[in-house]
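Since the structure comes first, as structure tokens, the remarks are kept for the end.
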Amino acid sequence: MRIVTATAAALALAGQAVPAATAHHPTADGIWRMDGYGTVLSIRNGTFQEYQTTTVSCLKGDSAERSGPGTYTMPDGTVLTVRVQGGGDHGSLRVDGSVGDRNLHRIPELPEACTRPAPEGPLAAFDVFWQSFEENYPFFSAKGIDWHAVRDRYRPRVHAGTTRDELYAVFSEMVKPLHDAHVAVQDGDRVFAQVRPGTAVPTEELDTKVKKFVVARDLKNARNLQDFANGRITYADLPGALGYVRISGFGGYAGHGASYAAQLAELDRALDTVLSRERTQRLKGLIIDLRINGGGSDALGVHIAERLTDTAYLAYSKRARNDPADPSRHTRPQPVYVTPAQGPRYTGPVAVLTGGSTFSAGETFTQALMDRPGKTVRIGRPTQGVFSDVMSRTLPNGMSAWLPNEEFLTRSGRTFDGTGIPPHLTEPVFTKEEFDKQRDSAFDRALDVLRNSDGTTS
């Protein structure tokens, strides 16, 4: 259940009956199917094994070993928590770093396709690739893509003698028109992915360039300039009792391979300093800069939002596709709330800076601030437009397909996938002209809003 800041897949067993609860299933051991993620789980003798299913395939996915009561740890350190409910025939799965649970239903045995050797060859890989998107991808209609026409166009190009390079090229051509940064084709070290036109991937190089520019230009008169969380969070006090916090990602806080618990502890250390009691009492405004943000853990974003409110509120609701044959059917929306944190909290005006290089968890954090009680204004450009956890699907030839299968809904049921979350106030973000003329229009607009108004968008 590799969560690439989450994972799983959609299930082709939707019509299969769930047995009634019996005394024979008091523990998590057994076979489970997951609502909305194309996944069957086998839990036996302390081993957790994922099976990725479609109507044409069943392939082994990731595995984990029991590490405590109800917990299983993957080789990369990700912790999975399984809870049994409803007398033993229902359960839930939670993945560290993701928000919400995934519902499980006990089934009598593995589907037959999971017990026999998987088909091999280029055509089998093509069919699993196409079917994985057909059953899970939520946005074909919104993007104007006829996925069946894509199959009809490309499948005749694949045959028993198709080379690996040729198949990689076919898959890449098939998904290129989606311009979805959560869609990718992976073959070893090579990865094909596309971002929304006119936007840039938040690479380490871009992050370093922008951070140097911001420190030299925007923070030249700042005090208490500090880096936290392995350099992913920067804070400075600005003149006029304003604060500035730059967040380049929601992960990597405690070094490579660190557990979610370690990341959370490192984040709390940063927040305890940045939002100290003394500072939260004197700040008149706070700029949160997400313009170069590569995403990460949605849960870490919610954790930060909890330091910015005295009142609980809905961050968003999350749902996944739940019927391989019907893209209009979804799991029940699962609400995610922001609840006030213990200790000091800042509840004054906030200016959130966003742009096309605000990705994934950077966007769900932005969404979690949309209904924040108090004054919050977004400045810059629309975010990238990719919110879902990423499903990593193994193909019969060893390649992988990455795709989203979830929607993050506002209180009114709207999603911002594809278009991104728009700003209230539009300003250029790190364009060539801005760099050449040593300008940061979005930052300057935020200063103006926080200093000369009450922080509203009017």
Side-chain angles (χ1 to χ4, degrees), residues 199 202 207 210-211 214 218-219 232-236 238 242-250 267 270-271 274-275 280 283-296 298 300-309 311 313-316 336 338 345-387 408 410-411 414 416 419-430 440-458:
T199 65
D207 182 52
V210 167
K211 185 174 181 179
V214 166
D218 300 336
L219 306 183
R232 309 305 297 277
I233 297 174
T234 299
Y235 181 81
L238 304 174
L242 302 181
Y244 170 89
V245 60
R246 181 175 185 272
I247 306 172
S248 63
F250 292 90
L267 176 59
L271 294 176
V274 169
L275 298 177
T280 55
L283 279 182
K284 296 181 180 178
L286 179 65
I287 298 173
I288 301 178
D289 191 347
L290 306 172
R291 289 175 292 178
I292 309 296
N293 187 293
D298 298 323
L300 292 177
V302 171
H303 194 73
I304 297 174
E306 292 175 343
R307 299 281 189 126
L308 302 173
T309 182
T311 305
Y313 66 95
L314 178 70
Y316 42 73
V336 177
V338 176
R345 298 180 295 272
Y346 172 74
T347 59
V350 169
V352 183
L353 308 185
T354 67
S357 297
T358 309
F359 273 51
S360 196
E363 302 184 81
T364 65
F365 175 61
T366 302
Q367 189 168 355
L369 298 180
M370 289 181 69
D371 288 330
R372 170 182 175 263
K375 302 175 178 66
T376 306
V377 57
R378 299 185 303 278
I379 301 173
R381 296 286 180 176
T383 63
Q384 176 65 209
V386 289
F387 295 77
F408 282 62
T410 65
R411 192 168 47 182
R414 180 179 179 182
F416 294 99
T419 62
I421 298 175
H424 296 112
L425 304 173
T426 299
E427 295 289 350
V429 172
F430 303 132
D440 191 345
S441 300
F443 178 86
D444 291 346
R445 188 73 178 272
L447 290 180
D448 182 62
V449 167
L450 294 176
R451 287 173 176 167
N452 301 312
S453 77
D454 61 359
T456 64
T457 61
S458 58

Any donor-acceptor pair under 3.5 Å from Glu363 side chain to Gln384 backbone: yes
Nearest heavy-atom neighbours spanning Ala315 and Val338: CB-CG2, 3.7 Å
Side-chain touch Arg378/Met370, heavy atoms, less than 4.5 angstrom: yes
Side-chain heavy atoms of Phe416 within contact of Thr366, under 4.5 Å: no
Side chain Arg372, main chain Leu308, donor-acceptor under 3.5 Å: yes
Audit row: Phe365, Thr354, side-chain contact (heavy atoms from CB on, under 4.5 Å) steps and yes/no: CA-CA 11 Å; Phe365 175 61; Thr354 67; over 6 Å; no
Expected output: side-chain Tyr313 to main-chain Ala368 donor-acceptor under 3.5 Å: yes
Leu314 side chain reached by Thr410 side chain, heavy atoms, under 4.5 Å: no
Plane angle bin for Tyr244 and Phe443 - parallel if under 30°, tilted between 30 and 60°, otherwise perpendicular: perpendicular
Rounded distance (nearest 0.5 Å) linking atom CD of Glu427 with atom CG of Leu353: 10.0 Å
Arg246/Asp218 salt bridge by N-O under 4.0 Å criterion: no
Side chains of Phe430 and Val214 in contact at under 4.5 Å (non-hydrogen atoms): yes
Side chain proximity check, Thr376 to Val352, heavy atoms < 4.5 angstrom: yes
Matching residue for Val350 among Ile287, Val377, Ile288 - test: side chain to side chain contact (heavy atoms under 4.5 Å, CB included): Ile288
Arg381 vs Thr426 side-chain heavy atoms within contact, under 4.5 Å: yes
Heavy-atom donor-acceptor pair, Arg345 side chain to Thr309 backbone, under 3.5 Å: yes
Over all atoms of both residues, closest heavy-atom pair of Leu369 and Ala305: CD2-CB, 4.0 Å
Interatomic spacing from CG in Leu242 to CG in Leu450 - rounded to 0.5 Å: 5.5 Å
Interatomic distance, Leu300 atom CG to Arg232 atom CZ [nearest 0.5 angstrom]: 11.0 Å
Donor-acceptor contact below 3.5 Å, side chain Ser248 vs main chain Asn293: no
side-chain contact (heavy atoms from CB on, under 4.5 Å) between Arg291 and Val210, intermediate numbers included: CA-CA 9 Å; Arg291 289 175 292 178; Val210 167; 5.9 Å; no
Beyond-backbone contact of Leu286 with Tyr346, side-chain heavy atoms, under 4.5 angstrom: yes
Min side-chain heavy-atom separation Val336-Thr364 under 4.5 Å: no
Minimum heavy-atom distance Ile233-Ala270, with the two atoms named: CD1-CB, 4.5 Å
Rounded distance (nearest 0.5 Å) linking atom CG of Leu271 with atom OH of Tyr235: 12.0 Å
Exercise: identify the closest heavy-atom pair between Ala351 and Ile379: CB-CD1, 4.2 Å
Atom pair CD1 (Ile421) and OG1 (Thr358), whose distance is rounded to the nearest 0.5 Å: 9.0 Å
Nearest-0.5 Å distance that lies between atom CZ in Arg445 and atom CG in Leu425: 4.5 Å
Backbone N/O of Pro202 and side chain of Ser357: donor-acceptor pair under 3.5 Å: no
